[in-house]
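Read the structure below first, then the notes.
Position 1 is the first residue of the sequence, and the numbers go up from there.
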Amino acid sequence: MKNQFLMPPLKVIFLSFILGLCSYFYFPLWIHFDFYVSLGLAMVLFLFLTLLACFFARQWKEIIVLSSICILATQMVFRDEISILKYILLSERNIDLIQKNKVVPGVCCLELEGFVFEPKWMVSKSFQHKSKDIKGRDNSHTEHFVLIPMINKAEPNESIRFLAIEDNLYRFHQWQNENLIPKFAIVLPETEDLKELTLEWILNYPEIQKGQITWLRLYESKEWYFQSTKQLFLLISFVIPILWFFVGFVWFIRVGIKYLEPN
């Protein structure tokens, strides 16, 4: 009976749950602590659960360690998004942390109130970036941007200072169809592409009164951004545990069928 319980397919399924716990509990560590503190706690959790999995399985140790490393490395890709989630959490206790209609130095996001799109002044442009990899192979790629100015609905003559940047018009049309005005924005850093795109916009519409320009990536609300980013974070983190579970489940079914077959 003991041998049946600890047969390899069930081990794999159990390991998938251990890796799943590892993936899930990383998230609160990342958003509730400073990055380096979070990294230290994540490493402790990584070592504990990885050693627990290796001790339980007594085999596949290299694959288990590699899987744990991949989960941790994948989550660190979300470092920028995690910092924004921290600001959103902190803003629930300090409402002045994320300002409305104001860019605060050192804060990468803001809330918008009273600003709407002005699509008649939008521009779009594609940029071809030529590059080669270390082997000399062509690694060129094209980036497409859509710039949509935002105006103060209460003060339509106010200088334009917020420019919404999108990769395409899909989300813009979706918001228009739903009569929805985004209320949360992430401040985009200055890049040569954005500077050139803005210059073309200025040349196309010289009559527009312009202020201190800030490029924004818009979202429905800070609550929407928090939940959607959290879901994406966990979804990607659970890819490896789900693969382990799928392999174990299929393996278990095959073993079960062979067991039930008459000799």
Side-chain angles (χ1 to χ4, degrees), residues 31 78-125 143-233:
I31 65 171
F78 284 82
R79 182 175 177 177
D80 292 338
E81 288 77 6
I82 290 296
S83 65
I84 298 171
L85 297 185
K86 288 180 181 179
Y87 276 119
I88 294 175
L89 283 180
L90 291 173
S91 68
E92 295 179 355
R93 299 191 293 269
N94 180 7
I95 58 175
D96 295 327
L97 181 62
I98 298 180
Q99 294 286 323
K100 288 188 177 181
N101 304 334
K102 181 180 178 182
V103 179
V104 178
V107 179
C108 55
C109 51
L110 71 152
E111 289 189 272
L112 294 174
E113 186 175 15
F115 280 83
V116 296
F117 293 114
E118 184 49 87
K120 70 179 181 179
W121 291 331
M122 73 167 63
V123 295
S124 62
K125 189 177 179 66
E143 288 188 276
H144 185 76
F145 295 100
V146 178
L147 181 155
I148 312 172
M150 302 197 73
I151 61 172
N152 190 331
K153 191 175 182 180
E155 299 288 341
N157 295 324
E158 182 181 84
S159 300
I160 291 178
R161 52 197 176 96
F162 293 136
L163 300 178
I165 304 297
E166 294 290 327
D167 299 323
N168 51 61
L169 289 173
Y170 173 77
R171 294 201 307 164
F172 170 73
H173 289 313
Q174 186 178 34
W175 289 330
Q176 295 289 92
N177 293 334
E178 297 175 0
N179 197 25
L180 190 151
I181 301 173
K183 297 181 179 179
F184 181 70
I186 294 174
V187 179
L188 298 177
E190 181 180 280
T191 65
E192 290 301 319
D193 287 350
L194 291 182
K195 287 168 63 177
E196 188 175 338
L197 178 66
T198 304
L199 178 60
E200 181 164 325
W201 171 69
I202 292 172
L203 294 175
N204 286 350
Y205 305 103
E207 72 279 7
I208 301 175
Q209 189 175 356
K210 307 163 188 72
Q212 181 65 40
I213 296 298
T214 300
W215 298 287
L216 302 176
R217 178 75 71 182
L218 301 178
Y219 299 92
E220 280 83 343
S221 66
K222 63 181 182 181
E223 293 79 12
W224 183 94
Y225 179 84
F226 187 94
Q227 290 300 325
S228 60
T229 304
K230 177 183 177 181
Q231 291 170 5
L232 179 62
F233 178 93

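- Listed by first and then second residue, the salt bridge (Lys or Arg N to Asp or Glu O under 4.0 Å) pairs that reach into residues 97-108 are Lys100-Glu113, sequence neighbours excluded.
- For Arg217, the side-chain hydrogen bond (donor to acceptor under 3.5 Å, both in side chains) test picks out no residue, with sequence neighbours left out.
- Qualifying salt bridge (charged side-chain N to carboxylate O under 4.0 Å, His left out) partners for Glu200, counting only residues two or more places apart in sequence or in other chains: Lys125.
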Give the C-alpha distance, both sets of side-chain angles, the deciding distance and a yes or no for side chain to side chain contact (heavy atoms under 4.5 Å, CB included) between Leu232 and Glu81.
CA-CA 11 Å; Leu232 179 62; Glu81 288 77 6; over 6 Å; no
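- The ring pair (Phe, Tyr, Trp, His ring centres under 6.0 Å) search around Tyr219 returns Tyr225, not counting sequence neighbours.
- Heavy-atom minimum distance, Ile160 versus Leu163: CG2-CD2, 3.9 Å.
- Cys108 has its side chain within reach of Ile84: a pair of non-hydrogen atoms, C-beta onward, lies under 4.5 Å apart.
- No more than 12 heavy atoms of other residues, nucleotides or ligands shown are found within 6.0 angstrom of CD on Gln212.
- Residue pairs that meet the ring-ring contact (aromatic ring centres under 6.0 Å, His included) test with at least one member in residues 82-116, sequence neighbours left out, are Phe115-Phe162.
- Checked against side-chain contact (heavy atoms from CB on, under 4.5 Å), Leu89 has the following partners two or more places apart in sequence or in another chain: Ile31, His32, Glu92, Phe226.
- Looking at Leu110 and Leu216, their side chains come closer than 4.5 Å, going by heavy atoms from C-beta outward.
- Residues satisfying the salt bridge (charged side-chain N to carboxylate O under 4.0 Å, His left out) test with Glu111, not counting sequence neighbours, are Lys222.
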What's the verdict on side chain to side chain contact (heavy atoms under 4.5 Å, CB included) for Phe78 and Leu85, showing C-alpha distance, side-chain angles and the deciding distance?
CA-CA 10 Å; Phe78 284 82; Leu85 297 185; over 6 Å; no
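- In this structure, Lys195 and Leu199 have side chains that are not in contact, with every pair of non-hydrogen atoms separated by 4.5 Å or more.
- Between the CD atom of Gln99 and the SG atom of Cys109 there is a distance of 11.0 Å, given to the nearest 0.5 Å.
- Within the structure, salt bridge (Lys or Arg N to Asp or Glu O under 4.0 Å) pairs that include any residue of residues 175-187 do not occur (at least two apart or interchain).
- The aromatic rings of Tyr205 and Trp121 lie tilted to each other, with the angle between the two planes from 30° to 60°.
- Atom CD1 of residue Ile213 and atom CD1 of residue Ile202 lie 6.5 Å apart, to the nearest 0.5 angstrom.
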Output a table of donor-acceptor pairs, distance under 3.5 Å, between side-chain atoms of residues 144-159 and any protein atom two or more places apart or on a different chain; print 'none' if there are none.
from, atom 1, to, atom 2, distance (Å)
His144, ND1, Ser126, OG, 2.7
Asn152, OD1, Ala154, N, 3.0
Asn152, OD1, Glu155, N, 3.4
Ser159, OG, Gln209, NE2, 3.1

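- When the side-chain hydrogen bond (donor to acceptor under 3.5 Å, both in side chains) test is applied to Lys210, no partner is found at least two apart in sequence or on another chain.
- For the pair Val123 and Leu197, the minimum side-chain heavy-atom distance is below 4.5 Å.
- Ile88 contributes atom CD1, which lies 8.0 Å from atom CD of Glu223 (distance to the nearest 0.5 angstrom).
- Ala185 approaches Leu218 most closely through the heavy-atom pair CB-CD2, 3.6 Å.
- Of the inter-residue distances, the one linking Ile82 atom CD1 with Arg79 atom CZ reads 11.5 Å to the nearest 0.5 angstrom.
- A search for side-chain hydrogen bond (donor to acceptor under 3.5 Å, both in side chains) contacts involving Glu220 returns Trp175, not counting sequence neighbours.
- We find the CD1-CZ distance between Ile98 and Phe184 to be 5.0 Å, quoted to the nearest 0.5 Å.
- Under the side-chain hydrogen bond (donor to acceptor under 3.5 Å, both in side chains) criterion, Asp193 pairs with His129, not counting sequence neighbours.
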